[in-house]
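Worksheet: the structure to be examined is printed underneath.
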Amino acid sequence: MSGPPPQLDSATLQSLLSSSSSTNNTKPHVLLSESSLDAVTNDENKTNSTRLLCPRKECKSTILLSDTATLVSREDNINVSHFWHSKFYNTHRNKVEPTPHPQLNKITSNQWWFIKGSPMSFENVGFTNSTGEVGPSGKPLKLLTCAECDVGPLGWCEEGGDGEYWMAVERVGYQTE
């Protein structure tokens, strides 16, 4: 038996749409410059003790749940900072280059959040096309962004890599409660 699809009233539809979003603009939010790395890291296993959020306070989308990433020092840093001011956004993202977020101008630390798994390990992350550069193992480099508002780059991964993702500790927000 076919017929018209069931209709939802606007209140039910709005409720369903709002509950599925990973954005919650009431979440308390700090950037690393406003907090210490110790305050957002579990002592025993060096995992993130808070949710990692989009660094834009206007967005605050959840990028990664707590206890999902491990704090790692890397000496062979990938400098994702220069992509922000390059022609990368215009060429690869088909977007006008956004105004730089003040927190994302420069990476000064060799501390990274390491995520091992698949893209499904994230709550809300976007991946760029290949940047035209290669990562440490010689594979094409992709950048990680907020899937909700496209701010980034927040980190990087290698195309066809082994499920390893790196997010700069200075380029994400942290939920405080």
Atom CG of Asn129 and atom NZ of Lys142: how far apart are they, to the nearest 0.5 Å?
-> 6.5 Å
How many angstroms lie between CD1 in Ile115 and CG in Leu52, if you round to the nearest 0.5 Å?
-> 7.0 Å
How about Pro153 and Arg171: do any of their side-chain heavy atoms sit closer than 4.5 Å?
-> yes
Residues Thr62 and Glu123: closest non-hydrogen pair is O-CB, 3.4 Å
Nearest-0.5 Å distance, CZ of residue Phe127 to CG of residue Leu143 | 11.0 Å
Return the minimal non-hydrogen interatomic distance between Ala69 and Asn48, and the atom names on each side.
-> N-OD1, 2.8 Å
Inter-residue atom distance Glu148.CD - Lys60.NZ, 0.5 Å rounding | 13.0 Å
Of all the heavy-atom pairs spanning Ala39 and Ser49, show the shortest one and how long it is.
-> O-OG, 3.7 Å
Single-linkage hydrophobic cluster Leu65~Val125, side-chain heavy atoms < 4.5 angstrom | no
Between CG on residue Leu144 and OG1 on residue Thr128, distance to nearest 0.5 Å = 8.0 Å
Does Val72 share a hydrophobic cluster with Leu141, counting links as ILVMFWY side-chain heavy atoms below 4.5 Å and allowing steps through other members?
-> yes
Between Ser121 (side chain) and Pro119 (backbone), is there a donor-acceptor pair under 3.5 Å?
-> no
Distance-only donor-acceptor pairs under 3.5 Å for side chains of residues 157-169, two or more places apart:
from   : atom 1 : to     : atom 2 : distance (Å)
Glu158 : OE1    : Ser137 : OG     : 2.7
Glu158 : OE2    : Ser137 : N      : 3.0
Glu158 : OE2    : Ser137 : OG     : 3.0

List in chain and number order the residues that pass side chain to side chain contact (heavy atoms under 4.5 Å, CB included) with Thr41, two or more places apart in sequence or in another chain; answer none if no residue qualifies.
-> Leu37, Lys46, Leu71, Trp113
Shortest non-hydrogen contact between Trp112 and Gly155, atoms and distance = CZ3-CA, 4.3 Å
With sequence neighbours left out, write down each residue that passes side chain to side chain donor-acceptor pair (under 3.5 Å) with Thr47, or none if nothing qualifies.
-> Asn42, Asn45, Asp67
For residues Arg74 and Pro136, determine if any side-chain heavy atom of one lies less than 4.5 Å from a side-chain heavy atom of the other.
-> yes
